[in-house]
Amino acid sequence: QVHLVESGGGLVQAGGSLRLSCLASGRTFSSDVMGWFRQVPGKEREFVGLINSDYATYFPRSMGGRFAISRDNAKNTVYLEMSDLKADDTGVYYCASSSSASMPVKEHEYNFWGQGTQVTVSS
């Protein structure tokens with residue numbers, strides 16, 4: 001199994017930036033696809049982006065090109081860097097791992113999840 005712990009959330013001003021971290025433990029990390037999702041109360045979890053084992057990344061157009069994902073396999077850590085934050089970016093951010101050989105963008109394609117970290121953007 002994989003245990004994931006997010007950190008780095010907090011309060012940030014609109015237009016600012018924030019970096020979230022996800023520390024993985026439990027088994028092989030480098031071969032997993034690592035994704036980020038976010039959720040606002042009353043809404044479904046939304047795909048934010050991913051990075052695969054070849055360090056390729058993918059983001060939906062709805063993210064507006066403001067986010068970046070990187071991974072440090074030596075540290076078993078994945079990062080989500082967010083810039084030009086908007087009030088609509090507020091939510092609980094989750095990291096998740098997937099054994100998919102493709103580029104999973106759906107919640108059900110991920111096997112393990114962190115507990116989430118709150119990001120609040122003030123407007």
Side-chain angles (χ1 to χ4, degrees):
Q1 299 187 31
V2 176
H3 181 61
L4 306 173
V5 179
E6 302 96 335
S7 62
L11 177 64
V12 63
Q13 296 179 343
S17 61
L18 198 65
R19 185 179 77 164
L20 306 183
S21 299
C22 175
L23 176 64
S25 62
R27 69 171 182 85
T28 301
F29 166 77
S30 61
S31 62
D32 294 335
V33 174
M34 300 298 298
W36 287 92
F37 291 76
R38 67 187 183 188
Q39 187 169 27
V40 177
K43 296 183 179 180
E44 297 181 355
R45 288 189 182 185
E46 178 186 20
F47 174 67
V48 172
L50 64 81
I51 184 167
N52 71 9
S53 59
D54 293 324
Y55 300 91
T57 59
Y58 172 75
F59 304 91
R61 296 186 184 278
S62 60
M63 297 299 107
R66 299 176 294 114
F67 296 172
I69 297 177
S70 60
R71 67 191 299 165
D72 185 337
N73 290 340
K75 296 181 178 180
N76 289 339
T77 301
V78 174
Y79 304 95
L80 173 64
E81 297 174 305
M82 303 181 289
S83 61
D84 191 24
L85 286 164
K86 308 176 186 301
D88 287 346
D89 293 319
T90 293
V92 178
Y93 282 70
Y94 300 88
C95 67
S97 66
S98 175
S99 58
S100 175
S102 59
M103 305 287 274
V105 301
K106 301 294 185 181
E107 182 178 356
H108 68 82
E109 296 179 281
Y110 287 80
N111 307 109
F112 301 100
W113 295 80
Q115 82 291 339
T117 185
Q118 177 71 43
V119 172
T120 302
V121 182
S122 61
S123 60

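Model, not experiment: these values are computed from the prediction.
Between the side chain of Thr120 and the backbone N or O of Thr90 there is no donor-acceptor pair closer than 3.5 Å. Put simply, the side chain of Ser100 never gets that close to the backbone of Ser98: no donor and acceptor are under 3.5 Å apart. Side-chain N or O atoms of Asp72 include one that pairs as donor or acceptor with a backbone N or O of Ala74 at under 3.5 Å. With hydrogens and angles ignored, the 3.5 Å screen pairs a side-chain donor or acceptor of Gln115 with a backbone N or O of Glu6.
Ser123 is linked by a side-chain hydrogen bond (donor to acceptor under 3.5 Å, both in side chains) to nothing, counting only residues two or more places apart in sequence or in another chain. Asp89 is linked by a side-chain hydrogen bond (donor to acceptor under 3.5 Å, both in side chains) to Arg38, Arg66, counting only residues two or more places apart in sequence or in another chain. Asp84 is linked by a salt bridge (charged side-chain N to carboxylate O under 4.0 Å, His left out) to Lys86, counting only residues two or more places apart in sequence or in another chain.
Considering OG1 of Thr77 and CG of Leu23, their distance stands at 4.5 Å, rounded to 0.5 Å. Atom CZ of Phe47 is separated from atom CE of Met103 by 7.5 Å, given to the nearest 0.5 angstrom. To the nearest 0.5 Å, atom CG of residue Asn52 and atom OG of residue Ser31 are 11.0 Å apart. With rounding to the nearest 0.5 angstrom, the CG atom of Leu50 is 10.0 Å from the CZ atom of Arg71. The line from CE of Met63 to CH2 of Trp36 is 13.5 Å long, rounded to the nearest 0.5 Å.
Relative ring orientation between Phe37 and Tyr110 is described as perpendicular, the plane-to-plane angle rising above 60° on a 0-90° scale split at 30° and 60°.
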(message) Run Asn73 and Tyr55 through side chain to side chain contact (heavy atoms under 4.5 Å, CB included) and show every step you take.
(response) CA-CA 10 Å; Asn73 290 340; Tyr55 300 91; 2.9 Å; yes
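Residues Val78 and Ile69 are in side-chain contact: their nearest non-hydrogen atoms beyond the backbone lie under 4.5 Å apart. Tyr94 has its side chain out of reach of Leu4: every pair of non-hydrogen atoms, C-beta onward, lies at least 4.5 Å apart.
When the side chains of ILVMFWY residues are joined at heavy-atom separations under 4.5 Å, either directly or via intervening members, Phe59 and Val119 end up in a single hydrophobic cluster.
Under the disulfide bond (SG atoms under 2.5 Å apart) criterion, the residue pairs touching residues 65-123 are Cys22-Cys95, with sequence neighbours excluded. Sorted pairs that involve residues 38-93 and meet disulfide bond (SG atoms under 2.5 Å apart), not counting sequence neighbours, are lacking altogether.
When each of Ser97, Ser53, Pro104 is checked for a side chain to side chain contact (heavy atoms under 4.5 Å, CB included) with Val33, only Pro104 meets the rule. Exactly one of Gln118, Met82, Gln39 qualifies for a side chain to side chain contact (heavy atoms under 4.5 Å, CB included) with Tyr93. That residue is Met82.
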Tabulate below the donor-acceptor pairs under 3.5 Å that side-chain atoms of residues 8-20 make, not counting sequence neighbours, or state none.
none

